[in-house]
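Following: one structure in structure tokens, then a few remarks.
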Number of protein chains: 2
Amino acid sequence: MPIHQLPDASISAVERETGLSKDTLRVWERRYGFPLPRRDAHGERLYPQDQVHKLRLISRLLDRGLRPGQLVGAPLETLLARASDEGGMPPQGARSEDGERLDTTLRLLAAYDEAALRSHLSLTLQRLGLQRFVIDFAAPMNLKVGETWSLGQLSISQEHLYTEQMQHQLRQGIGAIYPGVRGPSVMLTTLPGEEHQLGLLMAQACLAVEGIRCVSLGVQTPAWDISEAARQKGIDVVGLSFSEALRQKAALEMLTDLRDRLPERIEIWAGGALWARLRRRLPGVRFITRLEQLPRVIAEYRAEHQSPIANAG
Amino acid sequence: MPIHQLPDASISAVERETGLSKDTLRVWERRYGFPLPRRDAHGERLYPQDQVHKLRLISRLLDRGLRPGQLVGAPLETLLARASDEGGMPPQGARSEDGERLDTTLRLLAAYDEAALRSHLSLTLQRLGLQRFVIDFAAPMNLKVGETWSLGQLSISQEHLYTEQMQHQLRQGIGAIYPGVRGPSVMLTTLPGEEHQLGLLMAQACLAVEGIRCVSLGVQTPAWDISEAARQKGIDVVGLSFSEALRQKAALEMLTDLRDRLPERIEIWAGGALWARLRRRLPGVRFITRLEQLPRVIAEYRAEHQSPIANAG
DNA sequence: AAGTCATTTTGTCTAGGACAAAAAAAGGTT
DNA sequence: AACCTTTTTTTGTCCTAGACAAAATGACTT
């Protein structure tokens with residue numbers, strides 16, 4: 001696997017790529033002696049790619065609850081050991097049908113075999129149906145691709161290829177469903193900083209199979225705009241998707257902020273694996289850590305809000 | 001319209017809500033005397049909501065190309081005047097059928113009428129066919145939406161809604177075409193910094209109707225990854241889409257860089273309105289300023305490269 | 001019109017110091 | 001051993017004020 005010959009990155013580039021703020025990067029350098037970037041002609045930091053890579057690794061470990069003190073100073077081997085510690089969930093011994101599908105996808109991806117990949121995804125979708133395609137295939141597949149990528153065994157372009165193809169299939173699947181008229185009326189988007197479209201599409205698919213045709217605003221809509229749009233459109237539920245790209249703390253702040261802006265009658269459903277380890281609860285926000293839970297949540301909502309037919313906007 | 005009783009915001013909250021960086025907020029305060037937040041017990045900035053509101057307004061005006069020097073110091077009335085200033089471009093006199101379609105779309109968008117919008121786009125696609133849908137409808141529509149947005153007459157969420165719906169239609173249209181096997185084999189993506197997906201999809205659609213099923217990598221693929229992928233996959237042409245979001249100079253630099261990395265036999269097609277005013281030529285790069293030119297370019301390529309059937313990967 | 005050069009404007013970077021919020025450790029009670 | 005309270009350590013964010021390059025503007029020339 002060839003090594004990228006990317007140029008050294010500025011501090012703002014590193015902030016973008018790792019999610020660690022400029023202040024944090026500078027204070028780590030002062031306290032722990034890492035990262036220790038070289039400087040350009042004007043004394044500004046330039047981070048070599050290997051340091052950026054290590055920072056990305058550290059950032060991932062932080063999300064798992066480890067603390068900087070033991071990570072930032074440590075040599076790379078220690079980090080990798082920790083990474084595989086909890087991370088490497090051993091592959092199931094029994095080669096289930098599901099597992100094989102994942103492996104096939106990964107193999108086609110590694111070979112850049114776009115035509116076969118498209119066909120494989122399309123056939124899988126037809127065989128499983130949209131709901132099972134999303135829950136049993138797309139969700140674990142995303143995890144696997146992310147994992148493989150972070151191990152450096154998949155290039156950026158391969159990851160892009162995957163996202164693109166999966167997106168295509170999901171949209172095909174969603175588009176094929178005849179619009180339902182059942183409530184609640186849901187508006188779907190992500191908050192600023194969250195760029196991942198796949199999570200959004202997967203949620204949209206799961207809603208679609210429940211007869212809910214939701215309004216999707218795509219990614220990165222500011223809280224103010226979400227609240228304005230939700231009011232004007234007479235929305236019942238604002239659905240937000242979170243990947244692990246966002247830090248939990250930042251995400252919680254934005255959520256609280258949005259909650260304050262929206263009238264009480266509008267619910268917020270916050271989805272994504274990011275919330276799996278969350279203890280604190282937020283009044284008026286429902287956390288959905290797995291897509292499987294969505295049907296139950298919808299059923300509960302419908303039970304609480306008697307009217308069987310929702311306003312169609 | 002109820003007024004939010006939100007508490008005064010910290011500097012990081014303001015950064016999130018306005019998109020203006022902490023550094024910018026501090027330096028404006030130093031230079032222009034605005035914003036001038038109160039301080040809490042520890043000397044940290046607390047921005048009252050009216051200042052945040054004004055900042056949001058300023059931020060929007062900046063996106064239209066106005067400059068901070070005249071905005072940040074100015075009183076609220078001046079800002080509001082500027083906001084409505086350019087606002088009213090007189091509507092075209094002649095009402096063509098095409099023009100009406102654009103207006104209808106805009107009207108549905110303004111009303112957040114998602115269901116009607118979806119239906120309108122779908123019907124237009126069926127009526128025009130994919131190629132004319134892209135060239136005669138989607139392209140001018142994009143321009144119009146961008147224009148209307150920059151006049152402040154469309155919110156971010158409405159613009160997102162448009163992008164999302166249009167994307168959906170285009171993908172439906174592309175997916176409905178049976179895969180062709182004619183050359184050249186094209187890989188499609190954008191360079192880092194270019195986030196716009198619609199241009200990419202429009203190009204993909206135009207290629208699809210010529211019997212070319214291309215490999216799309218989605219947006220923001222680094223030059224190194226593009227070149228690696230193109231080689232491994234045995235691609236004939238790398239297609240790149242550029243909106244006006246990127247600076248021409250930066251774009252040219254990245255293009256030159258990519259040209260150097262790719263073997264000569266692989267062509268680069270650079271598409272987008274960004275190149276309309278370009279004088280300089282780049283050897284080995286073909287600039288396509290309008291999608292209408294694409295069929296001709298393809299025909300030329302096929303004529304030059306005799307073999308009528310391309311390698312299908 | 002279009003290119004070149006000087007000038008102003010504007011955003012981002014730098015340096016350490018400071019401090020609160022969060023987490024961990026220590027101590028005390030049932 | 002389990003649980004609450006207090007102290008200590010860790011850690012991220014905020015502060016000031018100076019510096020400077022990239023971008024935009026204006027002046028001048030071809």
Side-chain angles (χ1 to χ4, degrees), chain A residues 8-16 18-47 55 58-59 61-74 246-253 256 277-280, chain B residues 8-16 18-47 55 58-59 61-74 193 244-253 277-280:
Chain A
D8 295 353
S10 71
I11 193 169
S12 50
V14 177
E15 173 180 42
R16 196 162 1 96
T18 64
L20 302 164
S21 80
K22 293 177 196 136
D23 276 327
T24 302
L25 288 168
R26 284 194 274 254
V27 90
W28 279 6
E29 184 179 335
R30 207 194 310 165
R31 286 190 189 143
Y32 310 113
F34 181 88
L36 209 54
R38 66 185 190 83
R39 303 297 181 117
D40 69 4
H42 319 291
E44 307 198 342
R45 292 171 174 78
L46 282 182
Y47 296 83
L55 284 170
I58 291 175
S59 173
L61 291 173
L62 285 183
D63 288 338
R64 292 199 206 164
L66 299 185
R67 308 206 59 197
Q70 299 136 19
L71 296 174
V72 183
L246 226 53
R247 330 224 123 238
Q248 200 182 71
K249 197 185 159 196
L252 268 177
E253 273 176 31
T256 315
R277 276 176 245 92
L278 181 74
R279 15 178 182 293
R280 188 143 62 98
Chain B
D8 294 355
S10 73
I11 194 170
S12 52
V14 176
E15 172 180 44
R16 205 169 50 229
T18 64
L20 301 163
S21 81
K22 295 179 188 115
D23 276 328
T24 302
L25 289 169
R26 285 194 274 254
V27 91
W28 280 5
E29 184 178 335
R30 207 194 310 168
R31 286 192 188 140
Y32 311 113
F34 180 87
L36 209 54
R38 66 186 190 82
R39 302 297 184 115
D40 70 2
H42 317 291
E44 307 198 342
R45 292 172 173 78
L46 282 182
Y47 296 82
L55 284 170
I58 292 176
S59 171
L61 290 172
L62 285 183
D63 285 338
R64 292 196 210 170
L66 298 187
R67 309 203 56 196
Q70 298 134 20
L71 295 174
V72 183
E244 319 228 14
L246 225 52
R247 331 219 138 252
Q248 200 183 70
K249 196 183 158 198
L252 269 176
E253 274 174 30
R277 277 177 244 90
L278 180 74
R279 14 179 185 293
R280 187 142 64 96

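Throughout, a chain's letter reflects where its sequence line sits, starting with A, and its residues are numbered from 1.
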Integer-rounded Å distance: C/dA15 C1' and A/Glu29 CD: 11 Å
N/O donor-acceptor pair, side chain B/Arg30 with base D/dA17, under 3.5 angstrom: yes
Spacing of CG belonging to B/Leu71 relative to CD1 belonging to B/Ile58, to within rounding of 0.5 Å: 6.0 Å
Closest to side chain of A/Glu44, choosing from D/dC15, C/dG11, C/dC13: C/dC13
Nearest-angstrom distance from the residue atom CD1 of B/Ile58 to P of C/dT10: 12 Å
Side-chain N or O of B/Ser10 closer than 4.0 Å to phosphate OP1/OP2 of D/dT13: no
Between P of D/dT11 and CG of A/Leu25, the distance in whole Å: 15 Å
A/Thr24 side-chain N/O to D/dT13 phosphate OP1/OP2 under 4.0 Å: yes
Whole angstrom value for the distance that separates P of C/dT14 from CG of A/Leu36: 13 Å
Residue-phosphate contact under 4.0 Å: B/Tyr32 side-chain N/O, C/dT9 OP1/OP2: no
Nearest non-hydrogen partners of A/Phe34 and A/Leu55, listed with the distance: CE2-CD2, 3.9 Å
Length of the line joining B/Glu15:CD and D/dT13:C1', which is rounded to integer Å: 11 Å
Closest-nucleotide 5' rank along DNA chain C - winner of A/Asp23 and B/Val27: B/Val27
A/His42 side chain, from C-beta outward: closest of C/dC13, D/dG12, D/dA21: D/dA21
Presence of B/Lys22 side-chain N/O under 4.0 Å of D/dC14 phosphate oxygens OP1/OP2: yes
Spacing of A/Ile11 atom CD1 relative to C/dT12 atom C1', expressed in whole Å: 10 Å
Side chain of B/Arg67 (C-beta onward), nearest among C/dA15, D/dG18, D/dA24: D/dA24
Touch class at under 4.0 angstrom, heavy-atom based, for A/Arg31 against every strand present: base
Between CG on residue A/Asp23 and CH2 on residue A/Trp28, distance to nearest 0.5 Å: 12.5 Å
d(CZ, A/Arg39; P, D/dA19) in whole Å: 17 Å
Distance below 4.0 Å between A/Arg45 side-chain N/O and C/dA15 OP1 or OP2: yes
Given A/Lys22, A/Arg39, A/Arg38, the one that forms salt bridge (Lys or Arg N to Asp or Glu O under 4.0 Å) with A/Glu29: A/Arg39
Separation between CZ of A/Arg26 and OG of A/Ser21, rounded to the nearest 0.5 Å: 8.5 Å
OP1 or OP2 of C/dT12 under 4.0 Å from side-chain N/O of B/Ser21: yes
Whole-Å distance separating the CG atom of A/Leu66 from the C1' atom of D/dT11: 15 Å
B/Arg26 side-chain N/O to D/dC15 phosphate OP1/OP2 under 4.0 Å: yes
Donor-acceptor contact below 3.5 Å, side chain A/Thr256 vs main chain A/Leu252: yes
